[in-house]
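Single-structure report; data block below.
In what follows, chains are A, B, ... by sequence order, proteins preceding strands, each numbered from 1.
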Amino acid sequence: MKPTTALVPKPSFWRLLVQQKAWFWMAVPWALYCIVFNYLPLWGWLMAFQDFRPAKDFWSQEWVGLQWFEMLFTRPGFWLAMRNTLVMSLLNLVLGFVTAIGLALLLSEVRNRGFKRTVQTLSYLPYFVSWVVAANIVFYVLSLEGPLNSLLVWLGIQKDPMIYLAKGELFWPILAISNIWKNVGWNAIIYLAAIATINPELYEAADMDGASRFQKIRYITLPAIRSTFVLLLVLSLGHLLSAGFDQPYLLMNPTVKEYAVNLDVYVFTEGLMSFGGKPNFSYGTAAGIFKAVVSLVLIWGSNKILKANGGKGLF
Amino acid sequence: MKTKRTSSALRKWKQSPGDRAFDVLNLVFLALFAFVTLFPFWNLLVLSFNDATDAYRGNVFFWPREFTWYNYEYLFNNPNIFQSAFMSVLRTVSGTLLGVFCTIMLAYPLSRKAFVLRKPILILFLATMYISGGLIPGYMLTRSLGLINTFWVYIIPGLVSAWNLLIAKSFLEELPDSLIESAKIDGAGEMRILVQIIIPLSKPIIATLSLFIAVGHWNDWFTTMLYASDNNFLSTLQYELMKVLNTANQSGGAGVAGDYKLAMAKLGVQQQVSPNAIRASMTMFATVPILLVYPFLQKYFVQGFNIGAVKE
């Protein structure tokens, strides 16, 4: 093979492109589409350095330098949103991983295949409904005549029914728990897939050696899902500033706003909606840039960590 | 076969009381988990068939106490519901058909190793998973493209996504070049190869993509709120449901939302309908399509996830 490639020169790029013109026409329009919808908006970042007024065209806007960024970092609302974002993300991160791995381990210990299948199938049903539907469900479950109040009063844990969603200190746990309810089944799939690839002979050998069930989990199952866990953990570190928009936005009410507004909600309400004043495109864009840049740094950093630990890296 | 029998016999023999206790506890726990996952759906379904005034007394959990169709009658008396359901179906069907076709059309050349533009175009798409202009620049773009308050705002901006492209491309990479070469020798053009060879062979991936895209369309409410809320004709079921939730939410979950009393009074309705009961019927109406297709198609969800996971 080698000599022929050396003798017959590789056809030039342009010649190949002409040969592949059908593929070219299938692919290049989508590349342009991608540039328009994903890269052209980056141009809009310039808005963050202007005092943008929608009535004027782009070039007649007034340039204001870093004014909006200064405002961003001195406004308490922004820091509150940062706090809420980090708390929500970390809660989701820790609880999300623990519950998904826990569920996968428990399911993998079930010997009855039919039972395992049924539980698994039911477990990811909530993943496929929208957050609007899920929020309606959460809202009802936590309402005065909902099941949670009844259960806790019946158990004697609580004296009277209460409106959980009106209590600021309960808002984060409510978000975290409803997130687990919606996503744990789906998140467990990837670990179950990793467990399914473990060679059964390992377990048989351990049986012969008289290993207990917990020893088998500790020394066979957990090491086998370690690389999946590390990859997903590092990936989610990159999304630390994306605590989700739908869930807090749909579940919040004026009483708990202080705990509910995360960075995504903040960009939306400050930049596009007129909550107490005019929507401020420039200010919202500045907040969006902050989020995008920090996220990019986080992703870059987590990729470094992955590579340093002998992983393949994301890019 | 023999070793398997011995090992399972061995296991049985070795099973200590502690092991058996764990098995039982595990089954009980998982059954409880499945119950907690499903019960809210069931409870809302029950509530939607229960008399609304009666539901105020609470404790309607497993079966309707005072059965009624009234909540659904009220729901279907609202002309907005049919309008928005129609729009939800329309955008889901057309968005899915177009989305799947366009994704495969792009994934096919990108799955061919010989294609000279493969790398740059792939990188262009994959980078969008990490780089994004953000909400407001995206809004400005959509506005300047004249998509606001048109049906196309549902279809065009999300037509081909990096993630779906990745899943489709890794599936199509499994199809051998020789297959395409022989079709070419028989005189088929590339478009014909795509439609008559590639697409029929990609049924599993088409099923997976359709499901992800369709669920995305059906569940989307944000696009409607942001880009199409001024045009009643474009309202979707999820957006209507979101508005109802919002009115209830402003009260912090306490009592009846003012809007409903007003709406009731206008319609001359005697019976009082609580937002909880109305929301329950509406939530069920918006969820039922997913509940219906779910048992039949869930294997494709998982399949698609596994294909994606390989690439991750």
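Both the backbone and the side chain of F115(B) come within contact range of chain A, with heavy atoms under 4.5 Å apart. Contact of L159(B) with chain A is made through backbone and side chain together, with heavy-atom distances under 4.5 Å. Heavy atoms of A114(B) lying under 4.5 Å from chain A belong to its backbone as well as its side chain. Residue contact with chain A, scored on non-hydrogen atoms closer than 4.5 Å, is absent for Y239(B). In this structure, no portion of R118(B) lies under 4.5 Å from any heavy atom of chain A. If you measure heavy-atom distances from L46(A) to chain B, you find no contacts under 4.5 Å at all. Of the atoms belonging to I156(B), heavy atoms from both backbone and side chain fall under 4.5 Å from chain A. M191(B) touches chain A through backbone and side chain together, each having a heavy atom under 4.5 Å away. Heavy atoms of M140(B) lying under 4.5 Å from chain A belong exclusively to its side chain. Proximity to chain B (any heavy atom under 4.5 Å) is restricted, for F52(A), to the side chain, taken from C-beta onward. Of the atoms belonging to L124(B), heavy atoms from both backbone and side chain fall under 4.5 Å from chain A. For I121(B), the part lying near chain A is the side chain, with the backbone staying farther off; criterion is any non-hydrogen pair under 4.5 Å. Residue contact with chain B, scored on non-hydrogen atoms closer than 4.5 Å, is absent for V138(A). Proximity to chain A (any heavy atom under 4.5 Å) is shown, for L241(B), by both the backbone and the side chain. Contacts between A127(B) and chain A at a heavy-atom distance below 4.5 Å involve backbone atoms as well as side-chain atoms. The contact between F281(A) and chain B is made by backbone and side chain atoms together, counting heavy-atom distances below 4.5 Å. Residue contact with chain B, scored on non-hydrogen atoms closer than 4.5 Å, involves the backbone and the side chain of A27(A) alike. Both the backbone and the side chain of F125(B) have a heavy atom closer than 4.5 Å to some heavy atom of chain A.
We find the CD1-CG distance between I137(A) and L44(B) to be 5.5 Å, quoted to the nearest 0.5 Å. A distance of 7.5 Å separates CG in N303(A) from OH in Y130(B), rounded to the nearest 0.5 Å. Atom CD1 of I131(B) sits about 10.0 Å away from atom CG of N38(A), to the nearest 0.5 Å.
Chain A forms more heavy-atom pairs under 4.5 Å with one residue of A286(B), S132(B), G134(B) than with any other, namely S132(B). For the set P200(A), P161(A), A287(A), P126(A), the count of heavy-atom pairs under 4.5 angstrom toward chain B peaks at P126(A). Looking only at heavy-atom pairs under 4.5 Å with chain B, the residue among P147(A), A31(A), G44(A) that has the most is P147(A). Among D246(A), V267(A), I289(A), I35(A), the residue with the largest count of heavy-atom pairs under 4.5 Å with chain B is D246(A). Ranked by heavy-atom pairs under 4.5 Å with chain A, the first of M105(B), R143(B), M284(B) is M105(B). Ranked by heavy-atom pairs under 4.5 Å with chain A, the first of V36(B), L47(B), L110(B) is L47(B).
Checked against ring-ring contact (aromatic ring centres under 6.0 Å, His included), W30(A) has the following partners two or more places apart in sequence or in another chain: Y33(A).
In this structure, G138(B) and P41(A) approach most closely via the heavy-atom pair N-CB, 4.2 Å. P40(B) and V141(A) make their closest contact through CB-CG2, 4.1 Å (heavy atoms, listed as atom of the first residue, atom of the second, distance). E109(A) and D23(B) get closest at one heavy-atom pair: O-OD1, 4.0 Å. Closest approach of R213(A) to D19(B), counting heavy atoms only: NH2-O, 3.2 Å. Residues F61(B) and S150(A) come closest through the heavy atom pair CZ-OG, 3.2 Å. The two residues V129(A) and I290(B) have their closest heavy-atom pair at CA-CD1, 4.3 Å.
Under the 4.5 Å side-chain criterion, counting only non-hydrogen atoms from C-beta, W221(B) is in contact with L250(A). Proximity of W218(B) to S130(A): side-chain heavy atoms (C-beta onward) are nowhere separated by under 4.5 Å. Side-chain contact between L42(A) and P137(B): absent, with no pair of heavy atoms (C-beta onward) separated by less than 4.5 Å.
Not a single donor-acceptor pair under 3.5 Å links the side chain of N136(A) to the backbone N or O of T283(B). With hydrogens and angles disregarded, a donor-acceptor distance shorter than 3.5 Å links the side chain of W45(A) to the backbone of G133(B).
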Start with the C-alpha gap between N59(B) and E145(A), add the side-chain angles, then the distance that decides, and say whether side chain to side chain contact (heavy atoms under 4.5 Å, CB included) holds. CA-CA 7 Å; N59(B) 287 320; E145(A) 62 263 35; over 6 Å; no
Report the C-alpha distance between F222(B) and Y249(A) in whole Å, list the side-chain angles of each, state the deciding distance to 0.1 Å, and finish with yes or no for ring-ring contact (aromatic ring centres under 6.0 Å, His included). CA-CA 11 Å; F222(B) 189 68; Y249(A) 182 77; 7.6 Å; no
What do the steps show when you test K116(A) against L30(B) for side chain to side chain contact (heavy atoms under 4.5 Å, CB included), and what is the final call? CA-CA 9 Å; K116(A) 182 178 168 180; L30(B) 286 174; over 6 Å; no
Residues L125(A), T37(B); criterion side chain to side chain contact (heavy atoms under 4.5 Å, CB included); working and verdict: CA-CA 8 Å; L125(A) 177 63; T37(B) 307; 5.6 Å; no
For F245(A) and L135(B): C-alpha separation, side-chain torsions, deciding distance, then whether side chain to side chain contact (heavy atoms under 4.5 Å, CB included) applies. CA-CA 11 Å; F245(A) 174 83; L135(B) 180 73; over 6 Å; no
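Crowding of F29(B) atom CZ: a count of heavy atoms from other residues, nucleotides or ligands under 6.0 Å not exceeding 12.
For the residue pair N219(B) / W131(A), no side-chain donor-acceptor distance below 3.5 Å is found, with atom types taken as modelled.
F268(A) has its ring centre no less than 6.0 Å from the ring centre of Y139(B).
Within residues 16-26 of chain A, the residues having any heavy atom under 4.5 Å from a heavy atom of chain B are, by residue number, L16(A), L17(A), Q20(A), A22(A), W23(A), F24(A), M26(A).
When L103(A), L122(A), L106(A) are each tested for a side-chain contact (heavy atoms from CB on, under 4.5 Å) with F33(B), only one passes: L103(A).
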